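Comments concern the structure below.
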Amino acid sequence: MSESVAKTELPIAYSWQMPQWQQLAQLVDSARLPHALLISGPDGIGKHRFAQAFAASLLCEQASGFSACGQCRSCQLLLAGNHPDFREVCPEEGKRQIGIDQVRELQGFVGKFAHREGGKKVLLIHPAEAMNHFTANALLKTLEEPAGDTLLMLISHAPSQLLPTIRSRCLQMKFGVPGGDVAKGWLQHYVGDPAQAEHLLAEAAGRPLAAKALFDNDGLSRWLGYDGRLSAVVSGSLSPLQFAEELAGEEVLDVLDWWLGRLMALSRHLLAERPLPPGVWQDLAGRDSRQVMDQIDKALQLRAKLQRGAPLNKRLLFEDLLLSWFAAVNR
């Protein structure tokens, strides 16, 4: 199923993605572009926009310097969200998994010739780890026998969760967190305040788009609110179960990002004496680093399950996290 949305302008790659962009440009120029790309790296660094920009450049009828012109009929169709040679697949609204029917529908798209003579068809799937075992196996058939004019791009925040057979059939392109100065300069231009940009990036582990989302959604205020309620648990005025009940009304991935961010900051403090977030986390600075790492691993596994679409009860999830954390702290 196509997940297309009309846009006002075509996306372009971010400045910190130029090495990967140049790598693809060389492959295109030398006619060595593979039939499948696996674009992987942390969430919140712009992989999706990179893939969309690359798709636009391939579909453009008069691309200049490996960039889409934005004016030709192909670009206009892409902007309108109904290009016949482009499909973008992600979990349907309200779901966390890509359905097997969505992938099966793609086989007809892959089997047809491109509408423009000599052109390409582009299929974009994100996040690739949102496919379960059955869906991933259905995609394998498409990866094994793609039409010569089709490029499949898979975006993954956690490529280790993908089937080895899928990874082996793709050219893997890894994206890392951009350098601090580059990310800070980009975010500062958006938020206007250098100190706030630095604070946001610190909270988002250096990921510029995750930091931007925190700014846009007033995420810092929410996270400070979570800190305050955790402090109440530490002081004994609120039980872990009561806190878990409160968190059940929040967006689960937002809470997990807060929890992981704080635990990682605590780990960096314990291992390398890095600064800690204010408030309650200062009181936890004497904890065993191994306990902290165990809790980080637990939270990461839960986040991965959610991204794969596993049906988890939010209240029980938060109860488990908080009870296991305080049991480790008390030991």
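This one's a predicted model, so the numbers in the text were calculated from it and none came from an experiment. Starting from 1, each residue takes its place in the sequence as its number.
- Tracing side-chain contacts under 4.5 Å through hydrophobic residues (I, L, V, M, F, W, Y), one reaches M131 starting from L140; they form part of the same cluster.
- Formation of a donor-acceptor pair under 3.5 Å by the N137 side chain with backbone atoms of H133 is found in this model.
- Residue E319 places its CD atom among more than 12 non-hydrogen atoms of other residues, nucleotides or ligands, all under 6.0 Å distant.
- In the hydrophobic clustering of this structure, F318 groups with I296; members are Ile, Leu, Val, Met, Phe, Trp, Tyr whose side-chain heavy atoms approach within less than 4.5 Å, directly or through other members.
- Partners of Q188 by side chain to side chain contact (heavy atoms under 4.5 Å, CB included), not counting sequence neighbours, listed by chain and number: K184, P194, A197.
- S156 and P159 make their closest contact through OG-N, 3.1 Å (heavy atoms, listed as atom of the first residue, atom of the second, distance).
- Every residue meeting the side chain to side chain contact (heavy atoms under 4.5 Å, CB included) condition with V182, not counting sequence neighbours, appears here in chain and number order: S15, W16.
- Within the 4.5 Å cutoff, the side chain of L230 has no heavy atoms near those of the Y226 side chain.
- Considering only residues two or more places apart in sequence or on other chains, R290 meets the salt bridge (charged side-chain N to carboxylate O under 4.0 Å, His left out) condition with D288.
- Residues D193 and F215 fail the side-chain proximity criterion, which asks for heavy atoms closer than 4.5 Å.
- Listed by chain and number, the residues in a salt bridge (charged side-chain N to carboxylate O under 4.0 Å, His left out) with D216 are K212 (sequence neighbours excluded).
- When every heavy atom of L27 is checked against every heavy atom of P34, the shortest pair comes out as CD1-CD, 4.3 Å.
- Counting heavy atoms from C-beta on, the side chains of L241 and L323 come closer than 4.5 Å.
- Using a 4.5 Å heavy-atom cutoff, the side chains of L200 and E203 are not in contact.
- Taking CG of D254 as the start and CZ of R222 as the end, the distance is 4.0 Å to the nearest 0.5 Å.
- For F109, the side chain to side chain contact (heavy atoms under 4.5 Å, CB included) criterion is met by R87, K121, L123, not counting sequence neighbours.
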Between V103 and I98, does a side-chain contact (heavy atoms from CB on, under 4.5 Å) hold up when you go through it step by step?
-> CA-CA 8 Å; V103 172; I98 294 172; 4.0 Å; yes
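- The NZ atom of K95 sits 7.5 Å away from atom CD of Q102, with the distance rounded to the nearest 0.5 Å.
- In terms of the side chain to side chain contact (heavy atoms under 4.5 Å, CB included) criterion, residue partners of A36 (sequence neighbours excluded) are, by chain and number, L143, L152, C170.
- In plain terms, the two heavy atoms of P42 and R207 that are nearest each other are CB-CD, 4.2 Å.
- Using a 4.5 Å cut-off between side-chain heavy atoms of Ile, Leu, Val, Met, Phe, Trp and Tyr, with links allowed through other members, L253 and M264 fall into the same hydrophobic cluster.
- Side-chain N or O atoms of R104 include none that pairs as donor or acceptor with a backbone N or O of A138 at under 3.5 Å.
- Between Q17 and G46, the shortest heavy-atom contact is NE2-O, 2.8 Å.
- Judged by distance alone, with hydrogens and angles left aside, the side-chain atoms of R262 form no donor-acceptor pair with the main-chain N or O of D227 at under 3.5 Å.
- W186 and Y190 end up in the same hydrophobic cluster when Ile, Leu, Val, Met, Phe, Trp and Tyr side chains are linked at under 4.5 Å.
- Just one residue in the list L302, V255, L247 forms a side chain to side chain contact (heavy atoms under 4.5 Å, CB included) with L321, and that residue is L302.
- Taking Ile, Leu, Val, Met, Phe, Trp and Tyr as hydrophobic and joining them when side-chain heavy atoms fall under 4.5 Å apart, one finds F134 in a cluster with I100.
- Every residue two or more places apart in sequence or in another chain that forms a ring pair (Phe, Tyr, Trp, His ring centres under 6.0 Å) with F50 is listed here: W21, F175.
- The salt bridge (charged side-chain N to carboxylate O under 4.0 Å, His left out) search around R169 returns E144, not counting sequence neighbours.
- By the rule that hydrophobic residues join a cluster once side-chain heavy atoms approach within less than 4.5 Å of another member, L24 and M18 end up as members of one cluster.
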Show the numbers, then the answer: is there a side-chain contact (heavy atoms from CB on, under 4.5 Å) between K298 and D294?
-> CA-CA 6 Å; K298 184 181 185 71; D294 286 344; over 6 Å; no
Given Q52 and E88, is the side-chain hydrogen bond (donor to acceptor under 3.5 Å, both in side chains) satisfied, shown in steps?
-> CA-CA 9 Å; Q52 288 184 319; E88 184 170 340; 3.3 Å; yes
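- In Q71, the CD atom is not crowded: 12 or fewer heavy atoms of neighbouring residues, nucleotides or ligands sit closer than 6.0 Å.
- A distance-only check finds no donor-acceptor pair linking the side chain of K120 to the backbone of D85 [under 3.5 Å].
- Two residues are said to be in side-chain contact when any heavy atoms from C-beta on lie closer than 4.5 Å; L59 and V122 meet this criterion.
- Checked against salt bridge (charged side-chain N to carboxylate O under 4.0 Å, His left out), D257 has the following partners two or more places apart in sequence or in another chain: R303.
- Rounded to the nearest 0.5 angstrom, L256 CG and L317 CG are separated by 6.0 Å.
- Nearest heavy-atom pair across L187 and P208 is CD1-O, 4.2 Å.
- Annotation: salt bridge (charged side-chain N to carboxylate O under 4.0 Å, His left out) contacts involving residues 155-165, sequence neighbours excluded, are absent.
- Contact annotation: the side chain of L38 approaches that of L162 to within less than 4.5 Å [non-hydrogen atoms, C-beta and beyond].
- Between atom CD of residue Q62 and atom SG of residue C72 there is a gap of 5.5 Å, rounded to the nearest 0.5 Å.
- Judged by distance alone, with hydrogens and angles left aside, the side-chain atoms of Q172 form no donor-acceptor pair with the main-chain N or O of S40 at under 3.5 Å.
- Taken from SG in C60 to CD in Q76, the straight-line distance is 10.5 Å, to the nearest 0.5 Å.
- Atom CH2 of residue W259 and atom CG of residue L300 lie 13.0 Å apart, to the nearest 0.5 angstrom.
- Using a 4.5 Å heavy-atom threshold, the side chains of H48 and I39 count as separate.
- The two residues R96 and V252 have their closest heavy-atom pair at NH2-CG1, 3.5 Å.
- Clustering of Ile, Leu, Val, Met, Phe, Trp and Tyr by side-chain heavy atoms under 4.5 Å joins L77 with none of the others.
- In the displayed structure, I12 atom CD1 is contacted under 6.0 Å by at most 12 heavy atoms of other residues, nucleotides or ligands.
- In this structure the side chain of P91 reaches within 4.5 angstrom of the side chain of P127, judged on heavy atoms.
- A donor-acceptor distance shorter than 3.5 angstrom exists from the side chain of Q20 to the backbone of K174, with no hydrogens or angles considered.
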